[in-house]
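Source: prediction; values computed, not measured. All ligand and atom numbering here is 1-based and tracks the order in the structure. Values below: every heavy atom of this structure, side chains too, minus hydrogens, waters and symmetry copies.
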Amino acid sequence: MLARGPPRRCSGAGVRWRRQEAPSAMPRVPAVGLGSGGQGGATGVVKLVAARPAATVVAAAAGERRAAGPPAAAVDGAQLANGSAVAGISKLVTSTVGKSTNILWHDCPIGQNERQNLLNQKGCVVWITGLSGSGKSTLACALSHELHSRGHLTYVLDGDNLRHGLNRDLSFKAEDRAENIRRVGEVAKLFADAGLICIASLISPYRSERSTCRSLLPNSSFIEVFLNAPLEVCEARDPKGLYKLARAGKIKDSDTMQNWGLPFT
Ligand SMILES: Nc1ncnc2c1ncn2[C@@H]1O[C@H](COP(=O)(O)OS(=O)(=O)O)[C@@H](OP(=O)(O)O)[C@H]1O
Ligand SMILES: Nc1ncnc2c1ncn2[C@@H]1O[C@H](COP(=O)(O)OP(=O)(O)O)[C@@H](O)[C@H]1O
């Protein structure tokens, strides 16, 4: 068992925000202060009455030190992403990422460190790669079970399972596999950021795509495990009958059959 104090609650829960104009000297974050909950204030409801950045309010209410994170992007008379500039008025500088324009990273006072301290563990990703039938799901579940029994919070991202939901729109064409792996890499990163030990089990045959996932995290936080079971062994197991179907040319995207047998890159 892990030695832990009583669970702490995030004091941001139940906060009711009252919209008000931010003073011009303040960046355009919710600019609020902390009241007592108002007359007859309901439990868990905080009345917001004065100008203070919301993040500071929640940190103060929780009695915690604000986590160090990326600095807030606020400058006077900034050149905005859309090209306009307003002298003397603080504006947040937005960016363009991929196809998303005018977006802004919003930092929270509770960060990975705080969550890791709460859970008493380090968030990371264990990425299991290998042929269909090599034992990825079996290993992922066994690892999750073992860590869980030792008091660690884990979550398994299994390729098969994710294709029932998040990735149901993707086929097994090379570009869809790439998108499949990219999405799972991003989700795994979020789970690690949440402080969990995230176990991803996907065929993920291409090194370049796995490397992209690896690059989303600090090096020591991404552990790659290649289940090096030979094709003959996997094909003999064939628990879903997929190899049989593929050999008979009856499987959709059978052009990717080569990925089942070729050595992983
Ligand atoms: N054409 C084709 N090619 C490969 N795999 C196929 C195909 N059709 C269905 N399946 C089943 O899909 C399961 C999930 O695959 P993944 O998402 O892990 O594949 S990938 O990482 O996108 O390459 C994968 O699960 P596992 O058998 O557990 O590996 C397969 O059972
Ligand atoms: N180490 C192992 N030795 C023998 N059989 C295994 C082993 N790991 C898994 N299996 C069996 O192989 C089959 C495929 O395992 P699975 O975990 O579903 O593979 P994958 O997720 O890679 O497709 C299952 O029938 C499973 O019981």
For Leu131, atoms of ligand 2 separated by under 4.0 Å from a heavy atom: 22 (O)

Where ligand 2 meets Ser132 - atom numbers and elements under 4.0 angstrom, heavy-atom basis: 23 (O)

What do we get for [X] next to ligand 1 when only non-hydrogen atoms under 4.0 Å count, side chain, backbone, both or neither?
{"X": "Leu242", "result": "side chain"}
{"X": "Leu202", "result": "both"}
{"X": "Pro205", "result": "side chain"}

Closest protein heavy atom (residue, atom, distance) for [atom]:
{"atom": "atom 21 (O) of ligand 2", "result": "Ser137 OG, 2.7 Å"}
{"atom": "atom 3 (N) of ligand 2", "result": "Arg237 NH2, 3.4 Å"}
{"atom": "atom 25 (O) of ligand 2", "result": "Pro239 CB, 4.1 Å"}
{"atom": "atom 19 (O) of ligand 2", "result": "Gly135 N, 3.0 Å"}

Ligand 1 atoms in contact with Ser132 (distance to a heavy atom under 4.0 Å): 26 (P), 27 (O), 29 (O), 31 (O)

Contact atoms of ligand 1, heavy-atom distance to Ser204 under 4.0 Å: 20 (S), 21 (O), 23 (O)

Any N or O of Arg163 closer than 3.5 Å to N or O of ligand 1: yes

Polar atom proximity, Leu131 to ligand 1 (N or O, under 3.5 Å): no

Less than 4.0 Å between a side-chain N and a carboxylate O, is that true for [Y] and [X]?
{"X": "Arg247", "Y": "Glu235", "value": "yes"}
{"X": "Asp193", "Y": "Arg115", "value": "yes"}
{"X": "Glu209", "Y": "Arg182", "value": "no"}

Gly133-ligand 2 polar pair, N/O distance under 3.5 Å: yes

Heteroatom distance test (Thr138, ligand 2): nitrogen or oxygen, under 3.5 angstrom: yes

Arg163 charged N/C atom sitting above Phe172 aromatic ring, 6.0 Å / 45°: yes

Side-chain (Glu114) to main-chain (Gly111) donor-acceptor, under 3.5 angstrom: yes

Leu153 backbone acceptor or donor facing Gln121 side chain under 3.5 Å: yes

Closest non-hydrogen atom pair between Tyr243 and Asp238, with its separation: N-OD1, 3.0 Å

Over all atoms of both residues, closest heavy-atom pair of Leu131 and Pro230: CD1-C, 4.3 Å

Mode of Lys136 contact toward ligand 2 - side chain, backbone, both, neither (heavy atoms, under 4.0 Å): both

Ligand 2 contact by Ser134, heavy-atom criterion under 4.0 angstrom: yes

Identity of the nearest option to atom 25 (O) of ligand 1, non-hydrogen atoms only, from Lys240, His164, Arg210, Arg177: Lys240

Min side-chain heavy-atom separation Leu119-His152 under 4.5 Å: no

Option passing side chain to side chain donor-acceptor pair (under 3.5 Å) with Ser221 (candidates Lys122, Arg214, Lys189): Lys122

Glu224 CD to Cys213 SG distance, which is reported to the nearest 0.5 Å: 9.5 Å

